[in-house]
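In what follows, a structure is listed as structure tokens, so that the remarks can point back to it.
Residue numbers start at 1 and run along the sequence shown. Nothing here was measured: the structure is a model prediction, and the numbers come from that model.
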Amino acid sequence: MSGTQQLNSPTGTETRSRGRWLALGVLVLAVLLVAVDATVLGLATPALSEDLKPSGTQLLWIGDIYSFVIAGLLVSMGSLGDRIGRKKLLLTGAAAFGAVSVLNAYATSPEMMIVARALLGVAGATLMPSTLALIRNIFHDAKERSLAIGIWGATASAGAAVGPVVGGALLQHFWWGSVFLINLPVMIALVVVGIKLLPESRNPVAGPWDLVSVGLSLVGVISVVYAVKEVATHGVTWQVAATAALGAGALYAFVRRQFGLPSPLLDMRLFKHRGFSGAVLADLLTVFGLSGLVFFLSQFLQLVQGRDPLEAGLAELPAAIGAVVTGLIAGRYARRYSVRTIVAGGLGAIGLALAVLTLIHKESGYPLLGAALLVVGLGAGFSFTVTADVILSSVPKEQAGSASAVSETAYELGAALGIALLGSIVTGVYQSFTAPASVAGPVADAAHESLGGAVEAAKALDPHTAQVMVGAAQDAFVDGLRLASGVGAAVLLATAVAAWFLLRGQRLQDGVEH
């Protein structure tokens, strides 16, 4: 009996239930891999730089192109899955993800690495919307679906936290390409098992895939994200302004085109649903407030407190543990109390935890940091799980792919904006530090570029001068981190208030859909 037949046959509740949960196990493999891959490259960057010797600009593209392409293609790929079948798109993307991972691992030049990372982004864009859309179509019982979404979200959180730990362990024993080769066995298992277990689902009346809309979406999102990052790094220039204008124009044309198409790539009427719009906005602003902090926290643990990559990865685990715990129970509590209570409460908890981080300094003990990270994870598990459930429950099953893609795009845009804007705060404060009078020229310039640059530049100085300069650089970095944490806290607390009003009256479904 095929996976589809088993899931839909009336031969017994136990058999059908077992099939659903086994199918979910396949889907979370894909989520785990994408989440790990998003965080593992950061640790490999020093070794990769030493081997491939990229320029500063090439190194930025190696780090950014993956997220650029994913952000630009999520809506298009979610819509494509609605049309050709989510199972087909997921398994094709998984096979491509594994093959391109090998290309990443054995890249021999910076140019080859940039192309390989871009191709990995194309494959990655097929996975996340497909997994959520399949969950929407596999689990017809609303309470079961809430638990399934909780497991999905918990896996994503765990993967993001496990990435640095796995990467640190691999890099202590193997070359940098090994962080990509870990994708292969997981993807092979996903494809082989997924062929048998996953049911196919699609929108039977989706219409043709509009390539003009695909192009406008890709150009619009990538241009806007790129412009935001460039403003944070280099300030406003006419090139950046032109790129931002191009992106805004493309997105405006995309929206206008969707209203005129009989079968739009993204049905803009979804945003008329207050719960859908509120959940998407909450996700975007939450990731915005969190991402800049998470990005710079790794540097704090390693370059300020002197932890090795593996130890730094382990230090960030409380956030994942908290997210896993609350992700699994969020749906139950949202039904017992209310959606807005759980979402707003989760966001408020994250905001308060970020506020606590405004108190950290170089010698801060781990209990303060670990407790704050645990609360961040607890709050994120509640809010992200429930908003994902609201987004999926707000649309017909046939549009699950498009709705999932909107949710994922909000995450990507929030991350890009958070790293860029909160990162600019950290960088602006950091670059104001005063180096010792005897340090000038290229050494001083390198020290003011980044904290990592200061640590590296100090190796060319005498021990006393090096200690003074690195100490001043670390103090400035921590000052910037505290300020960014305060801004992030304000954003999260304001988002909690907005969610309280936007999600008023919103409830998760009960019972089985027919």
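- Counting only heavy atoms from C-beta outward, the side chains of Leu314 and Leu317 approach each other to under 4.5 Å.
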*Take Trp500 and Thr341, measure what side-chain contact (heavy atoms from CB on, under 4.5 Å) needs, and give me the verdict at the end.*
CA-CA 7 Å; Trp500 179 260; Thr341 298; 3.8 Å; yes
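- For the atom pair CZ of Phe300 and CG of Leu357, the computed distance is 9.0 Å after rounding to the nearest 0.5 Å.
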*Give the intermediate values and the outcome of side-chain contact (heavy atoms from CB on, under 4.5 Å) for residues Met112 and Leu103.*
CA-CA 8 Å; Met112 183 178 175; Leu103 187 63; 3.3 Å; yes
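- You'll find the side chain of Met187 reaches within 4.5 Å of the side chain of Leu127, heavy atoms only.
- In this structure, CG in Leu374 is found 11.5 Å from CG in Leu369, a value given to the nearest 0.5 Å.
- Side chains of Val102 and Leu184 form a contact here, defined as non-hydrogen atoms less than 4.5 Å apart.
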*asked:* One pair to check against side-chain contact (heavy atoms from CB on, under 4.5 Å): Phe382 and Val343. What are the steps and the verdict?
replied: CA-CA 6 Å; Phe382 274 129; Val343 174; over 6 Å; no
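- Side-chain contact between Gln305 and Glu363: absent, with no pair of heavy atoms (C-beta onward) separated by less than 4.5 Å.
- Not counting sequence neighbours, the partners of Val255 by the side-chain contact (heavy atoms from CB on, under 4.5 Å) test are Phe259, Met268.
- To the nearest 0.5 Å, the span separating CG on Asp389 from CD1 on Ile342 amounts to 12.5 Å.
- Side-chain atoms of Ile329 and Thr385, non-hydrogen and from C-beta on, never get closer than 4.5 Å to each other.
- Taking CG of Leu352 as the reference point, atom CG of Leu493 lies at 5.5 Å (rounded to 0.5 Å).
- Tyr333 and Tyr337 have parallel rings, their planes meeting at less than 30° on a 0 to 90° scale where 60° marks the start of perpendicular.
- A ring-centre distance under 6.0 Å is found for Phe276 and Phe271.
- Side chain of Arg482 to backbone of Ile360: a donor-acceptor contact under 3.5 angstrom is found.
- Atom CD1 of Ile151 and atom CG of Leu27 lie 11.0 Å apart (nearest 0.5 Å).
- Between the CG atom in Leu281 and the OG1 atom in Thr495 there is a gap of 7.0 Å [rounded to 0.5 Å].
- Legend: ring pair (Phe, Tyr, Trp, His ring centres under 6.0 Å) pairs involving residues 101-129, not counting sequence neighbours, sorted by first then second residue: Tyr106-Trp175.
- Annotation: side chain of Leu502 is not in contact with side chain of Arg340 (no heavy-atom distance under 4.5 Å).
- Remark: the backbone N or O of Phe180 is not paired with any side-chain donor or acceptor of Asn104 at under 3.5 angstrom.
- Side chain of Ser383 to main chain of Gly379: a donor-acceptor pair is present (N/O by atom type, distance under 3.5 Å, no hydrogens or angles).
- No more than 12 heavy atoms of other residues, nucleotides or ligands sit less than 6.0 Å from atom CZ of Phe501.
- The heavy-atom pair separating Leu73 from Ala125 by the smallest distance is CB-CB, 3.8 Å.
- Residue Ala279 comes nearest to Val390 through the heavy atom pair CB-CG1, 4.1 Å, listed as atom of the first residue, atom of the second, then distance.
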*What do the steps show when you test Asp475 against His361 for side-chain contact (heavy atoms from CB on, under 4.5 Å), and what is the final call?*
CA-CA 8 Å; Asp475 287 336; His361 50 84; over 6 Å; no
